[in-house]
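Below is one structure, written out as structure tokens; comments come after it.
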Amino acid sequence: MSKDLRIIFMGTPDFAVASLDILVKNGFNVVAVITAPDKPAGRGLQLQESAVKKYAVANNLPVLQPEKLKNPAFIEELRALKADLQVVVAFRMLPEMVWDMPSEGTINVHASLLPQYRGAAPINWAIINGEKSSGVTTFKLQHEIDTGDVLYSQEVPIREDETAGELHDALMQTGADLLLKTVQSIAAGTAKGTPQAHFEAADIKHAPKIFKETCKINWEASLDTVYNLVRGLSPYPAAWSTLQGKSMKIYKAHKEHIQPTIAPGEYETDQKTFLKIAATDGYLVLDEIQLEGKKKMNVVEFLRGYRF
């Protein structure tokens with residue numbers, strides 16, 4: 001197998017680190033890493049480096065952090081690297097002049113089984129929609145987002161109680177393994193892309209960006225719908241509702257299949273051991289919550305200090 005591909009890696013969050021790490025550990029020639037500019041964060045608004053930058057610096061990989069991907073100086077820097085292949089994992093949209101530059105093109109690792117769940121939040125939406133499985137796909141970038149030819153895909157089951165955070169970690173490792181397989185096949189000249197039209201399902205589900213309004217719980221929905229929303233948004237950005245006029249994030253909960261005797265959205269509590277809220281066909285029993293202005297805590301601890 002040939003390993004002399006000159007590879008540029010593009011990514012920012014934790015999800016991308018496992019993929020970069022597997023290329024480095026398998027001896028591939030990563031000539032540069034492109035990641036988001038450092039951003040102020042935390043109470044002191046100190047500049048924070050991305051997870052990918054931290055890894056790259058620790059492993060002596062050259063780092064580029066362009067503000068704008070069409071900046072002529074950045075394009076020149078990119079061209080000078082003479083990459084054969086670009087790998088994108090959890091990065092932003094690339095202009096054509098960037099993704100079309102390498103001779104072997106640009107490949108992306110996407111956390112869904114394409115063509116399902118194209119978009120910014122595939123992990124969250126798979127759980128919110130109550131899917132029983134998800135997966136990872138490697139594909140070649142082309143004009144429309146997440147529509148390029150599929151190289152490889154790997155299905156991953158979703159447990160009934162799995163959260164987005166847990167699925168993220170499972171897909172992160174599966175994605176890294178699938179990327180290695182993909183890059184090895186490109187290096188060997190055996191990679192073959194399959195147009196996504198070949199996999200087209202009648203019902204294509206999308207994974208748009210998640211906003212605060214997306215996270216608001218509608219208690220008029222079924223218990224399963226509410227429970228899936230909580231799982232699909234945990235630990236971030238978290239589903240929310242209100243308790244006595246204050247905003248409350250719900251991180252963990254479980255279902256109680258008893259027909260409620262109260263209206264949807266109303267709560268029951270013994271003020272010591274449980275707090276549950278009615279949906280249309282059952283109760284969501286809260287396990288871990290965060291009330292506005294308070295820290296995240298389990299419900300027993302919360303009830304100890306809260307007065308209804």
Side-chain angles (χ1 to χ4, degrees), residues 112 116-117 119-134 156-171 203 205-308:
S112 80
Q116 294 292 1
Y117 294 107
I123 297 173
N124 307 94
W125 284 107
I127 294 182
I128 291 168
N129 288 339
E131 302 290 358
K132 300 289 186 277
S133 65
S134 177
V156 172
I158 299 175
R159 294 191 324 272
E160 200 176 321
D161 62 347
E162 194 157 12
T163 64
E166 291 163 341
L167 181 58
H168 167 281
D169 292 352
L171 294 180
D203 179 22
K205 294 167 188 155
H206 293 277
K209 194 172 175 183
I210 286 172
F211 296 97
K212 187 174 183 192
E213 204 46 44
T214 319
C215 306
K216 186 178 183 183
I217 296 171
N218 171 20
W219 297 103
E220 300 278 350
S222 71
L223 178 58
D224 282 348
T225 300
V226 172
Y227 178 66
N228 291 342
L229 185 74
V230 170
R231 289 191 302 128
L233 296 170
S234 178
Y236 182 83
W240 66 277
S241 187
T242 55
L243 182 68
Q244 296 189 312
K246 287 196 168 179
S247 177
M248 173 179 65
K249 290 182 175 179
I250 303 173
Y251 294 96
K252 280 189 188 156
H254 61 276
K255 296 185 285 187
E256 188 175 276
H257 289 286
I258 301 170
Q259 190 56 44
T261 53
I262 53 177
E266 293 187 357
Y267 65 84
E268 281 185 16
T269 179
D270 65 355
Q271 303 195 15
K272 287 180 185 164
T273 61
F274 76 86
L275 173 59
K276 59 187 186 181
I277 303 178
T280 54
D281 57 346
Y283 290 95
L284 189 76
V285 185
L286 309 188
D287 295 321
E288 189 176 43
I289 60 174
Q290 184 174 16
L291 197 66
E292 185 185 320
K294 304 278 186 190
K295 63 179 178 118
K296 186 195 293 191
M297 57 183 91
N298 69 52
V299 160
V300 173
E301 187 186 357
F302 169 77
L303 290 173
R304 207 176 290 135
Y306 187 78
R307 291 291 157 262
F308 285 89

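Quantities reported herein were computed from a predicted structural model and do not represent experimental measurements.
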Distance-minimising heavy-atom pair for Glu166 and Asp161: OE1-O, 4.0 Å
Please check: side-chain N/O of [X] versus main-chain N/O of [Y], any donor-acceptor pairing under 3.5 Å?
X      : Y      : result
Asn129 : Glu131 : no
Ser133 : Ile158 : no
Asp281 : Ser222 : no
Gln259 : Thr280 : yes
Trp219 : Glu266 : no
Asn298 : Asp287 : no
Ser234 : Arg231 : no
Glu268 : Lys276 : no

Distance-only donor-acceptor check, side chains Tyr227 and Glu160, under 3.5 Å: no
Test: Glu301 and Lys294 ion pair at under 4.0 Å: no
Ring geometry between Tyr306 and Phe302 (parallel below 30°, tilted from 30 to 60°, perpendicular above 60°): parallel
